[in-house]
K.L.:
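This is the structure I want to talk about, given as structure tokens.
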There are 2 protein chains.
Amino acid sequence: MTPFENGGKVTARIVETLGRAIVAGEYADRPLPIEADISEQFKASRSVTREAIKMLTAKGLIASRPRLGTSVAPERDWNFLDPDVLRWLLNRGLSLDLLAEFTAFRSAIEPQAASLAIRRNDPAAIARIGEAAERMTKGGMSQEDALQADIDFHVAILLASGNRFMIQCRDLVETALRFSIRLTNRQKGVATADSDAHRAIANAIAAGDAERAVSASRDLLNEAAALIEQARRAG
Amino acid sequence: MTPFENGGKVTARIVETLGRAIVAGEYADRPLPIEADISEQFKASRSVTREAIKMLTAKGLIASRPRLGTSVAPERDWNFLDPDVLRWLLNRGLSLDLLAEFTAFRSAIEPQAASLAIRRNDPAAIARIGEAAERMTKGGMSQEDALQADIDFHVAILLASGNRFMIQCRDLVETALRFSIRLTNRQKGVATADSDAHRAIANAIAAGDAERAVSASRDLLNEAAALIEQARRAG
DNA sequence: ATCACCATTTATCATATTAATACAGCGGCG
DNA sequence: CGCCGCTGTATTAATATGATAAATGGTGAT
């Protein structure tokens with residue numbers, strides 16, 4: 001697959017399982033089992049257990065102290081923008097609250113990224129934005145392909161910004177969008193209006209019109225926020 | 001100190017040293033030493049070495065494969081927003097480029113956070129913004145205290161937003177600002193104009209005037225960006 | 001060119017020792 | 001009696017050590 005994978009198979013499994021459980025709040029009010037018990041539970045040696053624990057520590061999820069055992073860190077210490085943590089957060093059952101916060105965050109990032117992309121003016125990167133928008137409108141696409149094109153579009157904007165911190169939000173956007181779009185698409189009927197909005201953003205960026213790009217981007221996100229709010233009220 | 005600390009002393013030291021070296025590009029074109037050599041270098045057992053390596057792996061900095069050794073991951077996989085990675089990035093000698101990117105990122109986040117803070121309207125949180133602004137103007141402050149008040153001000157805005165992703169950027173802002181403010185303060189003479197700008201933001205938020213808060217916040221950041229750009233041109 | 005084997009390095013396991021520290025128990029003292 | 005400080009002990013993570021397994025690039029035989 002990717003040229004760079006994670007740690008070993010066993011370690012990865014422990015990290016994944018414990019990470020999900022921690023984020024799900026399973027150990028919110030009590031310490032994790034002691035290393036020996038975790039090792040037994042996963043039929044692994046204490047070494048791998050400890051290595052897994054260290055990985056979770058590095059993600060800010062837990063902290064260990066002799067005699068006290070290992071317990072979950074306060075939520076403000078969690079590395080929310082770590083791709084793994086993010087995925088676990090979403091897999092614990094996506095709350096509309098969290099999705100709303102995602103969208104508010106994107107509302108901050110994306111228009112600014114579009115603006116930066118114009119200032120940076122990397123033709124190849126800007127072209128990729130247009131291509132993705134193109135792909136969204138093209139007929140004969142599966143639901144899945146359309147979703148991917150939509151994601152690619154938003155990621156392309158971040159990449160074109162050339163700002164490393166925005167680019168870092170790529171995983172956030174990718175993961176969150178996959179959920180978000182499914183929700184919003186379920187509400188709105190056809191997505192033609194949506195793809196028009198995307199194209200408007202792409203055009204504004206290509207034309208170098210920062211003001212128009214920002215406002216078009218903002219419109220799109222406001223609509224998404226409104227749909228989420230609507231779903232929230234509907235319960 | 002803090003109720004939750006990091007891993008053990010030895011492990012932490014290895015993580016710190018290797019992390020800095022990796023971020024500094026020391027292993028950009030060759031693999032890291034093999035586990036045995038790292039262990040020897042740090043006079044530690046292979047266990048702790050491996051645990052340290054796993055922590056760095058969790059931060060996206062490196063990847064290990066049997067027979068190939070351990071090498072630095074492509075930069076786009078690094079968890080830029082991880083507090084440790086961030087600190088290492090800054091400690092490798094602050095480049096103005098990076099600082100400019102920081103500021104552009106903050107330009108996206110902060111005005112939106114201010115806007116969200118108004119919508120959320122948490123009186124206690126908003127009061128803390130005002131207090132920090134107050135502290136900035138009060139006379140008889142050491143340089144260091146004033147800097148801390150400045151940082152507290154910006155962090156308070158993020159906290160007041162109630163958005164967990166913005167709050168997550170707290171470490172980013174805190175770390176980056178500490179560098180950024182030192183630079184900008186060195187350029188401008190006295191900071192009275194600056195503290196007025198801060199107070200304007202606090203007042204707008206307290207008054208619930210989102211539009212004014214956003215534009216005031218934007219003004220402040222634009223000024224910071226201009227100063228950085230100026231420093232950049234000066235070489 | 002293909003395939004079996006080898007060497008290297010991480011991955012895992014197993015066990016022992018050390019260090020940190022919460023907690024209980026003891027003794028002193030008001 | 002009740003409170004305070006000391007001390008010992010048990011618990012648990014931290015570190016050390018050394019061995020075996022698995023993965024895989026390279027090498028040489030066919």
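Order of the sequence lines fixes the chain letters, A, B, ..., with proteins taken first and strands second; residue numbering starts at 1 for each chain.
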K.L.:
Using a 3.5 Å cut-off and no angle test, enumerate the donor-acceptor pairs between side-chain atoms of residues 166-175 of chain B and protein atoms at least two apart in sequence or in another chain.
P.N.:
residue, atom, partner, partner atom, Å
B/Gln168, OE1, A/Phe80, N, 3.3
B/Gln168, NE2, A/Trp78, O, 3.3
B/Thr175, OG1, B/Asp171, O, 2.7

K.L.:
Does a salt bridge link A/Arg232 with A/Asp97, judged by any charged N lying under 4.0 Å from a carboxylate O?
P.N.:
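Looking at A/Arg232 and A/Asp97, the cut-off is met.
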
K.L.:
A/Glu35: which residues meet the salt bridge (Lys or Arg N to Asp or Glu O under 4.0 Å) condition with it, sequence neighbours left out?
P.N.:
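If we apply the salt bridge (Lys or Arg N to Asp or Glu O under 4.0 Å) test to A/Glu35, skipping adjacent residues, the hits are A/Arg46, A/Arg50.
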
K.L.:
Quick one: pull up CE in B/Met55 and CG in B/Leu18 and give me the separation to the nearest 0.5 Å.
P.N.:
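Those atoms lie 12.5 Å apart.
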
K.L.:
Please give, in whole Å, the distance from C/dA11 P to A/Lys9 NZ?
P.N.:
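The answer, rounded to whole Å, is 14 Å.
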
K.L.:
Whole angstroms only, please: what is the CD1-C1' distance between B/Ile53 and C/dT9?
P.N.:
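In whole Å, C/dT9 C1' lies 11 Å from B/Ile53 CD1.
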
K.L.:
Could you check how far CG of A/Leu56 sits from P of D/dA13, rounded to whole Å?
P.N.:
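A/Leu56 atom CG is separated from D/dA13 atom P by 14 Å.
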
K.L.:
Is B/Glu16 salt-bridged to B/Arg20, going by a charged N under 4.0 Å from an acidic O?
P.N.:
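Looking at B/Glu16 and B/Arg20, the cut-off is met.
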
K.L.:
Measure from the side chain of A/Val10, starting at C-beta and using heavy atoms only, and say which of C/dT10, C/dT12, D/dT12 lies closest.
P.N.:
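Minimum distance to the A/Val10 side chain belongs to C/dT12.
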
K.L.:
Does D/dA13 have OP1 or OP2 under 4.0 Å away from a side-chain N or O of A/Arg50?
P.N.:
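Negative; the distance criterion is not met.
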
K.L.:
Expressed as a whole number of angstroms, how long is the span from B/Ile62:CD1 to C/dT9:P?
P.N.:
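That distance rounds to 16 Å.
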
K.L.:
May I ask you to evaluate whether B/Ser64 reaches the phosphate of C/dT9, defined as a side-chain N or O under 4.0 Å from OP1 or OP2?
P.N.:
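So the side chain of B/Ser64 is outside the cut-off, no N or O lying under 4.0 Å from OP1 or OP2 of C/dT9.
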
K.L.:
Enter the distance from A/Asn163:CG to A/Ser115:OG here, rounded to the nearest 0.5 Å.
P.N.:
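The CG atom of A/Asn163 sits 11.5 Å away from the OG atom of A/Ser115.
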
K.L.:
Tell me which residues in residues 34-48 of chain A put a heavy atom below 4.0 Å from DNA chain D, sorted by number, or none.
P.N.:
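When residues 34-48 of chain A is checked for heavy atoms under 4.0 Å from DNA chain D, the hits, listed by number, are A/Ile34, A/Glu35, A/Arg46.
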
K.L.:
For the pair made of CZ in B/Arg67 and C1' in D/dT27, what is the distance, rounded to whole Å?
P.N.:
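Distance check: B/Arg67 CZ to D/dT27 C1' gives 10 Å.
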
K.L.:
Determine whether A/Glu26 and A/Val72 make a side-chain contact, defined as any pair of heavy atoms from C-beta on separated by less than 4.5 Å.
P.N.:
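Of all side-chain heavy-atom pairs linking A/Val72 with A/Glu26, none is under 4.5 Å.
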
K.L.:
Write down the distance between CD1 (B/Ile14) and C1' (D/dT15), rounded to a whole number of angstrom.
P.N.:
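Spelled out: CD1 on B/Ile14 to C1' on D/dT15 is 10 Å.
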
K.L.:
Starting from P on D/dA14, measure out to CZ on A/Arg65 and report it in whole angstrom.
P.N.:
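Interatomic distance, CZ of A/Arg65 to P of D/dA14: 10 Å.
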
K.L.:
In whole Å, I'd like the distance from the CD atom of A/Glu51 to the P atom of D/dA16.
P.N.:
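In whole Å, D/dA16 P lies 14 Å from A/Glu51 CD.
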
